[in-house]
*Asks:* 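Below is one structure. I have some questions about it.
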2 protein chains.
Amino acid sequence: MIKSVQHESKRKLLDAAQNVFRTKGYAATTVDDICEAAGVTKGSFFHHFKSKEGLTLDAAAHWSTWTEALFAAAPFHQAADPRERVLGYVDFRAAILDRAVPDFTCLLGTLVQETYATHPAIRAACNKGMSSHIANLTCDIEAAKQRYAPDAPWSAESIGYFIQAVLQGSFIFAKAKDGSEVARENLSHLRRYLEGLFPHPRKSNRKEKP
Amino acid sequence: MIKSVQHESKRKLLDAAQNVFRTKGYAATTVDDICEAAGVTKGSFFHHFKSKEGLTLDAAAHWSTWTEALFAAAPFHQAADPRERVLGYVDFRAAILDRAVPDFTCLLGTLVQETYATHPAIRAACNKGMSSHIANLTCDIEAAKQRYAPDAPWSAESIGYFIQAVLQGSFIFAKAKDGSEVARENLSHLRRYLEGLFPHPRKSNRKEKP
DNA sequence: GACAGCATACCAACTAGTCGGTTTAATAAC
DNA sequence: GTTATTAAACCGACTAGTTGGTATGCTGTC
């Protein structure tokens with residue numbers, strides 16, 4: 001407990017960065033903004049991070065830990081059938097769309113869009129985080145493919161990227177329209193596509209493959 | 001000719017803004033950056049635009065004119081079958097992915113992601129431009145639906161948004177990976193989905209509906 | 001000479017990062 | 001148990017540089 005109190009400022013700064021970046025973007029967010037949101041001072045900020053970019057790199061890693069924990073704990077992750085896990089993932093993403101826009105959008109997508117040409121280290125960190133999330137997702141997709149579409153011409157990984165692209169694009173429309181209705185419809189199209197990619201052998205969805 | 005020479009600086013500023021914003025984003029782009037890229041001075045900038053935000057609003061309108069002209073002139077737009085026009089649109093978007101990243105990404109998507117919470121006027125301008133592009137696209141989709149899937153439960157408009165979301169999301173991955181391979185695969189998934197939504201009645205794709 | 005178009009010099013506000021110093025916490029010596 | 005020592009955490013005023021925007025001046029055309 002003593003130890004956790006010590007590093008509380010750092011954690012608060014990383015949490016605050018997540019939210020402020022998702023609201024205002026990277027460049028428009030000042031170090032003071034983050035300090036204010038975290039309730040710490042600028043001196044503390046530069047004690048823990050060597051620069052704004054340094055904080056951002058840490059925040060990207062922090063984000064990945066945070067989201068992986070979130071998805072690992074989500075109920076869809078328990079389904080026995082990998083097809084259900086994949087569709088459950090999409091449904092889960094749809095379910096959290098009722099929050100405010102900055103609360104369901106993706107830090108990494110927001111950051112990379114702004115910084116890809118100017119901050120190579122941030123671009124790389126975002127790429128790493130997104131790829132690793134997709135790699136996790138790809139495990140379930142691969143298992144579903146083995147069971148329901150073993151001869152399909154597409155790769156499981158490319159489906160993982162496709163799912164993420166639909167999500168990222170939907171976030172942009174949620175921002176443009178200040179609402180998540182379009183995002184929700186997009187996820188419903190995505191679900192229909194995935195259902196078609198993994199056709200049930202017959203009628204039952206409990207039937208085990210021989 | 002005199003008139004066009006007179007306003008050449010303004011046009012150059014709008015063109016430059018398009019490219020610089022797509023590379024560095026809104027907040028990280030300085031007025032001086034745009035002036036330098038356009039080859040004009042700051043005095044000229046503030047002669048034509050009242051502020052950086054003012055220029056951005058004009059640039060969003062300029063972008064819409066520019067892109068609508070681009071798509072109106074593209075060959076896919078001539079196809080007689082609306083299904084071919086829709087698929088041709090996707091193929092066209094895939095075909096221009098061989099350019100550099102800032103040359104195929106979307107100004108409006110980039111802008112709105114950064115400014116949605118801080119610059120309401122820019123958000124509205126981006127929303128308007130994207131919606132209008134989708135409305136154009138929706139005409140072809142609606143016609144294709146009438147012909148190939150008149151009883152489908154989805155709306156033509158929602159397909160328009162879905163197509164754009166896939167594109168916008170693909171741009172994010174093109175930025176994250178500094179390459180368009182993922183984007184290309186995403187568009188191939190999108191095409192497969194659309195093909196499934198508009199099934200051919202039999203075998204021929206030249207058959208006219210009675 | 002009036003005016004649009006453009007150029008140069010300039011300013012006030014802001015921002016990332018610094019720096020000297022204070023507080024807090026853990027450990028060790030006594 | 002008290003005190004000394006050390007190091008990490010923290011503070012907030014300050015600076016050097018940047019930025020959007022302004023003020024003023026110049027030039028050619030009508």
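No hydrogens, no waters, no symmetry mates; every other heavy atom, side chains included, goes into these values. Reminder, nothing fancy here: chain letters follow the sequence lines and each chain counts from 1. Keep in mind that what you see is a predicted model, and the values were worked out from it rather than measured.
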*Asks:* Could you tell me whether the phosphate oxygens of D/dC10, OP1 or OP2, come under 4.0 Å of any side-chain nitrogen or oxygen in A/His47?
*Replies:*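 No, because none of the side-chain N or O atoms of A/His47 sits under 4.0 Å from OP1 or OP2 of D/dC10.
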*Asks:* How long is the line joining CD of A/Glu8 and P of D/dA9, in whole Å?
*Replies:*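 Rounding to the nearest Å, CD of A/Glu8 and P of D/dA9 are 13 Å apart.
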*Asks:* Where are the stems of DNA chain C, defined as at least 3 consecutive Watson-Crick or wobble G-U pairs with both distances under 3.5 Å?
*Replies:*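 So far as stems of 3 or more pairs are concerned, DNA chain C shows C:1-30 with D:1-30.
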*Asks:* Can you tell me how far P of D/dT19 sits from CG of B/Asp32, to the nearest Å?
*Replies:*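 In whole Å, D/dT19 P lies 7 Å from B/Asp32 CG.
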*Asks:* Could you tell me how far apart A/Glu36 (CD) and C/dT15 (P) are, to the nearest whole angstrom?
*Replies:*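 That distance rounds to 12 Å.
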*Asks:* Hey, are the side chains of A/Tyr161 and A/Ser131 touching, using non-hydrogen atoms and a 4.5 Å cut-off?
*Replies:*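 Yes. Closest side-chain heavy atoms under 4.5 Å.
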*Asks:* Would you say CD of B/Glu181 has more than 12 non-hydrogen atoms from neighbouring residues, nucleotides or ligands within 6.0 angstrom?
*Replies:*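 Atom CD in B/Glu181 is not packed in, count stays at 12 or less.
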*Asks:* Spell out protein contact along nucleotides 11-18 of chain D as letters: B when the base is contacted, S when just the sugar-phosphate is, - when no protein heavy atom is under 4.0 Å; keep the 5' to 3' order.
*Replies:* BB------
*Asks:* On the ring face of B/Phe45, is B/Lys52 found with NZ or CZ under 6.0 Å from the centre and within 45° of the axis?
*Replies:*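 Pair B/Lys52/B/Phe45 does not count as cation-pi.
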*Asks:* Side chains of B/Tyr89 and B/Asn136 only: does a donor on one sit below 3.5 Å from an acceptor on the other?
*Replies:*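 No, B/Asn136 and B/Tyr89 have no side-chain donor paired with an acceptor closer than 3.5 Å.
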*Asks:* Check the orientation of A/Phe71 and A/Phe92. Use parallel for under 30°, tilted for 30 to 60°, and perpendicular for over 60°.
*Replies:*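 Geometry flag for A/Phe92 against A/Phe71: perpendicular rings.
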*Asks:* Rounded to whole angstrom units, what separation is found between the CG atom of B/Leu13 and the P atom of C/dG5?
*Replies:*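 Between P of C/dG5 and CG of B/Leu13: 13 Å.
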*Asks:* Are A/His48 and D/dC10 close enough that a side-chain N or O sits under 4.0 Å from OP1 or OP2?
*Replies:*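 Yes, A/His48 has a side-chain N/O under 4.0 Å of OP1/OP2 on D/dC10.
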*Asks:* Provide, to the nearest angstrom, the distance between the NZ atom belonging to B/Lys50 and the P atom belonging to D/dT22.
*Replies:*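 For the pair B/Lys50 NZ and D/dT22 P, the rounded distance is 10 Å.
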*Asks:* Starting from C1' on C/dA9, measure out to CZ on B/Phe46 and report it in whole angstrom.
*Replies:*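 It works out to 15 Å between those atoms.
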*Asks:* Once you round it to whole Å, what is the distance between C1' of D/dG20 and CZ of B/Phe45?
*Replies:*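 Going from CZ in B/Phe45 over to C1' in D/dG20 covers 9 Å.
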*Asks:* Out of the candidates B/Thr110, B/Thr29, B/Asp33, only one should pair with B/Lys24 under the side-chain hydrogen bond (donor to acceptor under 3.5 Å, both in side chains) rule; please name it.
*Replies:*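 With B/Lys24 as partner, side-chain hydrogen bond (donor to acceptor under 3.5 Å, both in side chains) holds for just one option, B/Asp33.
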*Asks:* Do B/Asn127 and B/Tyr116 have side-chain atoms, one donor and one acceptor, less than 3.5 Å apart?
*Replies:*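 Looking only at side-chain atoms, B/Tyr116 and B/Asn127 do not form any donor-acceptor pair under 3.5 Å.
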*Asks:* Please report the distance, rounded to the nearest Å, between CD1 in A/Ile34 and P in C/dG17.
*Replies:*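 Those two atoms, CD1 and P, are 11 Å apart.
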*Asks:* Parallel under 30°, tilted from 30 to 60°, perpendicular over 60°: which one fits the rings of A/His119 and A/Tyr26?
*Replies:*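 Correct class here is perpendicular.
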*Asks:* When the ring planes of A/Phe171 and A/Phe104 are compared, do they come out parallel, tilted or perpendicular, using 30° and 60° as the limits?
*Replies:*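 Rings of A/Phe171 and A/Phe104: tilted, as their planes differ by 30° to 60°.
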